[in-house]
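In what follows, a single structure is set out as structure tokens and then discussed.
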Amino acid sequence: MIVIHGETILDLGSGSGIDVLLAARKVGVNVQAIGVDMTKSMIELAEKNTQKAGVSNAKFIEATINSVPLPDSSVDCIISNCVVNLVPATDKPAVFKEIARLLKPGGRVAISDILARKPLPDHITKNTALYVGCVAGASEIARYEEYLEQAGFEGVLVVDTKSDLNLYKQSSYLSQSSCCGSWGSSSFRIYAIKA
């Protein structure tokens with residue numbers, strides 16, 4: 001996680017809040033680490049975890065990641081871990097525009113996500129189990145870069161972690177040759193700077 005002391009951090013799809021709590025400790029008590037999640041139960045769990053951890057500068061907001069109730073240019077760094085890929089393809093441009101709106105000029109985005117090297121066939125994109133498992137909603141690498149550039153980001157860097165999704169090859173949902181490895185789905189880290 002790229003966290004710098006004194007910076008406001010926002011985690012999109014913060015779940016139980018673990019990354020937010022880690023960031024809150026690194027940024028210092030005078031700034032906030034903020035988590036956004038669309039489910040009330042996750043917000044409640046994150047708030048309980050914050051109390052247990054004794055962290056005073058963590059905050060959680062119940063919202064979708066394409067409409068975050070924070071002011072324009074209020075965040076230094078946005079992080080996210082395998083959440084953007086769960087957003088329907090038609091809504092993904094709005095997510096990247098929202099990220100750009102929230103970041104200060106020169107602000108950074110650091111996302112871990114599942115991307116595809118080539119188009120995924122319908123029998124994968126329409127599979128609910130693979131959608132929930134962060135595979136079926138994977139954007140192609142070039143398209144992901146396009147979303148960022150269209151939203152006003154520069155210095156886009158997409159790093160292949162070289163970890164394919166072999167766990168799905170043994171899945172009862174798909175035949176052994178029909179999933180991720182053959183279609184090039186893999187875990188990536190994506191970095192960019194708001195112009």
Side-chain angles (χ1 to χ4, degrees), residues 1-4 7-15 17 19-20 23 27 32-39 42-43 59-120 124-125 130-161 163 165 180 183-195:
M1 183 184 334
I2 302 171
V3 176
I4 297 174
E7 290 191 334
T8 300
I9 305 296
L10 176 64
D11 182 8
L12 299 179
S14 55
D19 287 339
V20 174
V27 297
Q32 284 193 318
I34 305 163
V36 172
D37 202 282
M38 65 184 278
T39 57
M42 281 293 118
I43 296 295
K59 170 183 171 181
F60 295 92
I61 300 168
E62 184 180 345
T64 61
I65 65 172
N66 62 353
S67 182
V68 179
L70 289 173
D72 294 0
S73 303
S74 59
V75 177
D76 295 292
C77 182
I78 293 180
I79 61 174
S80 185
N81 188 7
C82 194
V83 173
V84 175
N85 137 354
L86 295 172
V87 174
T90 54
D91 296 337
K92 281 184 181 155
V95 171
F96 290 101
K97 286 179 185 169
E98 183 69 348
I99 290 171
R101 180 189 73 78
L102 293 165
L103 282 172
K104 296 174 183 176
R108 303 173 323 283
V109 61
I111 298 173
S112 292
D113 217 346
I114 306 300
L115 300 181
R117 290 183 182 86
K118 58 183 178 178
L120 297 174
I124 290 177
T125 61
L130 290 177
Y131 194 82
V132 172
C134 291
V135 175
S139 298
E140 287 181 67
I141 296 165
R143 187 69 182 120
Y144 213 90
E145 291 171 328
E146 218 174 88
Y147 291 142
L148 284 160
E149 289 165 3
Q150 287 174 351
F153 287 90
E154 59 188 20
V156 176
L157 177 64
V158 178
V159 179
D160 188 343
T161 65
S163 55
L165 305 173
C180 319
W183 291 98
S185 293
S186 183
S187 177
F188 287 81
R189 292 205 174 108
I190 302 96
Y191 305 96
I193 297 170
K194 179 179 174 180

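All of these numbers come straight from a predicted model, not from anything done at the bench.
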Side chain D113, main chain N85, donor-acceptor under 3.5 Å: yes

Partner set under salt bridge (Lys or Arg N to Asp or Glu O under 4.0 Å) for E146, not counting sequence neighbours: R143

Which residues share a salt bridge (Lys or Arg N to Asp or Glu O under 4.0 Å) with K97, sequence neighbours left out: none

Any residue meeting ring-ring contact (aromatic ring centres under 6.0 Å, His included) with F96, in chain and number order, not counting sequence neighbours: Y144, Y147

Residue that, paired with K194, satisfies side chain to side chain contact (heavy atoms under 4.5 Å, CB included) out of I78, I99, L103: L103

Closest contact, heavy atoms only, A192 versus L148: CB-CD2, 4.3 Å

Side chains of residues 62-73: which donor-acceptor pairs under 3.5 Å do they make with residues two or more places apart or in other chains?
residue, atom, partner, partner atom, Å
T64, OG1, N66, OD1, 2.8
D72, OD1, R101, NH1, 2.6

Any side-chain heavy-atom pair of V159 and Y191 under 4.5 Å: yes

Side chains of I9 and V20 in contact at under 4.5 Å (non-hydrogen atoms): no

Distance, nearest 0.5 Å, that separates OG1 of T8 from CG of D76: 5.0 Å

Side chain S139, main chain L115, donor-acceptor under 3.5 Å: no

Salt bridge (Lys or Arg N to Asp or Glu O under 4.0 Å) partners of E7, counting only residues at least two apart: R108

Partners passing side-chain contact (heavy atoms from CB on, under 4.5 Å) against T161 (at least two apart in sequence or in another chain): S163, S187, R189

